[in-house]
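Okay, so here's the structure we're looking at.
For clarity, every value in this text was computed on a predicted model and none was experimentally measured.
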Amino acid sequence: MQLQHSYAALPPTFWSAVEPTPVAAPRLLAWNAALAGALGLDPALEARAAAMFSGNAPPPQARPIAMAYAGHQFGHFVPQLGDGRAILLGEVTDPQGRRFDVQLKGAGPTPFSRNGDGRAAIGPVLREFLVSEAMHALGVPTTRALAAVATGEAVFRDGALPGAVLTRIAASHVRVGTFQFFAAREEHAAVRALVGFVLARHYPALADHDNPPLALLEAVVQAQARLVAAWMQVGFVHGVMNTDNMAVSGETIDYGPCAFLDEYHPAKTFSSIDRRGRYAFGNQPGIAQWNLARLAECLLPLIDADGEQAVAMARAAIEAFAPAYREHWLAGQRRKLGLSTEEDGDEALAQDFLEALQAVEADYTLAYRALSGVARGEQAALPKSPGMDAWLARWRERLGREPGDVAARVAVMDAANPAVIPRNHLVEAALAAAAAGDLAPFEALLAAVRRPFDDGPAQAPFMAPPAPEQRVTHTFCGT
């Protein structure tokens, strides 16, 4: 594995050098051969993965560092957070010339650990592996997991749990909180250096813009609008949308207490620490815009020397989020509803379907998937209610004005509406089994979520919603 180190070339205030802490008995739990191939890695690397990606024997070219950042956590600013249990080994370049970070999560304490042990338990490690692969298969921008390695050591949370280390691959690990770390210290030269780094890494076409900080803000706004709209299409609840968990690359990052909707309700939360519903499903677009406003605050001194002018320019950039999000969300909804043309009433039609789902507590994923059968002329596999019946009549009328044949329309719908998601009860069961030493349920679920649009017989066990006694109402962070 050939590693480069563009982030480590930034001044030492951006990071701290740190070595992974060796573990007792590394054992490979999961290896992402498809990702390794896409990155152009040597297939023989798998045989050395347990030692390399536990931190026991990092690649010879590694220059391990922990990144500094700050962040708003549940609306409260913390001036120093940083990689408390994550260590960046370096960067790889794929065959297309794209650069990706290689990071170990759970590789031991760093200078940012704040008295934490720097370790991770097997459950959170395999959750991130599983859900990030599902998101990738669903077409949602995401970090991905290359390897999961058991450490042979226990970590202590509420009790003793088997430990593990995750290898995460990301376009980068620069967060809104990274900018906040320097802006809070009024280190404007560092913020400017970070602007240059992010533009070169993620938005190179904007590097020669006459106002690079403003161009960066505008680009991140658009990337986040696309990302959150994609979350909303598949019923994904991030759980902890703190500014230190928002990547400026536009990828989903930090799969802590994340979950997917079963029955639809915009106020759904799962995170055990989100007691007031700040990060509920329906709040995610608004929170993304709030986070982007915090990024804008960091950039104001660089956008324009005139404070009022800088605020006006930044405000215009932030206000562009809502229409961009609406455009991406509505385009996704049209695909999910089988609409290839655009009419003024489409947004109301899409919103009214959600209201009908909420009224009957219908399963979010299966309800959309059932519309394909209705489009083919089959009996609606949806809960009966006056509201749903009225909506179906409106939708059929709208479909009647669509060009093309039914088969083509259904093909588009089936490619937009997954049959399989990482059902929360199945995820929890798989993680519990893995903690007890049985990886078979994890491996079976991983194989299923990698084919989310396949509704064949082999997928049936992974499609069903939970029975009442199987419902998962709370998920937990891995720290």
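- Residues P20 and I87 share a closest heavy-atom pair of CA-CD1, 3.7 Å.
- Looking only at distances, a side-chain donor or acceptor of N245 sits under 3.5 Å from a matching main-chain atom of V240.
- Within the 3.5 Å criterion, the main-chain N or O of G84 finds a donor-acceptor partner in the side chain of S113.
- Formation of a donor-acceptor pair under 3.5 Å by the S54 side chain with backbone atoms of P22 is not found in this model.
- Looking only at distances, no side-chain donor or acceptor of E133 sits under 3.5 Å from a matching main-chain atom of R450.
- Remark: side-chain polar atoms of R85 are not paired, donor with acceptor, to backbone N or O of G106 under 3.5 angstrom.
- T110 places a side-chain N or O within donor-acceptor distance of the main-chain N or O of F112, the cut-off being under 3.5 Å.
- For S6 and E91, the side-chain atoms include at least one donor-acceptor pair closer than 3.5 Å.
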Enumerate donor-acceptor pairs with a distance under 3.5 Å from any side-chain N or O in residues 69-79 to protein atoms, sequence neighbours excluded.
residue: Y69; atom: OH; partner: G82; partner atom: O; Å: 3.2
residue: H72; atom: ND1; partner: Q180; partner atom: NE2; Å: 2.9

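- Heavy-atom contacts from other residues, nucleotides or ligands closer than 6.0 Å to CD of E186 number 12 or fewer.
- Considering all non-hydrogen atoms of both residues, R119 and E153 come closest at NH2-OE1, 4.1 Å.
- Nearest heavy atoms, A154 versus A160: CB-CB, 4.3 Å.
- Side-chain polar atoms of H238 and Q284 form no donor-acceptor pair below 3.5 angstrom.
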Could you give the side-chain donor-acceptor pairs of residues 254-261 under 3.5 Å, partners two or more places apart or in another chain?
residue: D254; atom: OD1; partner: R168; partner atom: NH1; Å: 3.0
residue: D254; atom: OD1; partner: R168; partner atom: NH2; Å: 3.4
residue: D254; atom: OD2; partner: R175; partner atom: NH1; Å: 2.6
residue: Y255; atom: OH; partner: T142; partner atom: OG1; Å: 2.4

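- Minimum heavy-atom separation, V125 to A120: CG2-CB, 3.8 Å.
- Taking a cutoff of 4.0 Å between a charged side-chain nitrogen and a carboxylate oxygen, R144 and E128 do not qualify as a salt bridge.
- Contact annotation: the side chain of M313 approaches that of D304 to within less than 4.5 Å [non-hydrogen atoms, C-beta and beyond].
- Taking the centre and axis of the six-membered ring of Y368, the NZ or CZ atom of K336 falls inside the cone set by 45° and 6.0 Å.
- Side chain of Q224 to main chain of A247: a donor-acceptor pair is present (N/O by atom type, distance under 3.5 Å, no hydrogens or angles).
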May I have the list of side-chain donor-acceptor pairs in residues 187-201 shorter than 3.5 Å, sequence neighbours left out?
residue: R201; atom: NE; partner: A171; partner atom: O; Å: 3.0
residue: R201; atom: NH2; partner: D101; partner atom: OD1; Å: 2.7
residue: R201; atom: NH2; partner: A171; partner atom: O; Å: 2.9

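- Taking each heavy atom of A145 and L35 in turn, the nearest pair found is O-CD2, 3.5 Å.
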Residues D42, R48; criterion salt bridge (Lys or Arg N to Asp or Glu O under 4.0 Å); working and verdict: CA-CA 11 Å; D42 184 348; R48 308 192 302 277; 5.3 Å; no
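- Side chain of R114 to main chain of L81: no donor-acceptor pair is present (N/O by atom type, distance under 3.5 Å, no hydrogens or angles).
- Evaluation of the ring-ring contact (aromatic ring centres under 6.0 Å, His included) test over residues 14-37, restricted to residues two or more places apart or in two chains, returns F14-F182.
- Considering CG of L45 and CE of M1, their distance stands at 5.0 Å, rounded to 0.5 Å.
- At a threshold of 4.5 Å between non-hydrogen side-chain atoms, the residues V165 and K105 do not count as touching.
- Annotation: ring-ring contact (aromatic ring centres under 6.0 Å, His included) contacts involving residues 200-219, sequence neighbours excluded, are absent.
- Note on D94 versus R98: salt bridge recorded, some NZ/NE/NH1/NH2 to OD/OE distance being below 4.0 Å.
- Crowding of D208 atom CG: a count of heavy atoms from other residues, nucleotides or ligands under 6.0 Å not exceeding 12.
- T167 has its side chain out of reach of Q103: every pair of non-hydrogen atoms, C-beta onward, lies at least 4.5 Å apart.
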Sequence neighbours left out, cut at 3.5 Å: what donor-acceptor pairs do the side chains of residues 319-332 make with other protein atoms?
residue: R326; atom: NE; partner: E347; partner atom: OE1; Å: 2.7
residue: R326; atom: NE; partner: E347; partner atom: OE2; Å: 3.3
residue: R326; atom: NH2; partner: E347; partner atom: OE1; Å: 2.6

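- Across every non-hydrogen atom of L426 and F462, the tightest pair is CD1-CA, 3.8 Å.
- When atom types are taken as modelled, the side chain of D117 and the backbone of G108 share no donor-acceptor pair closer than 3.5 angstrom.
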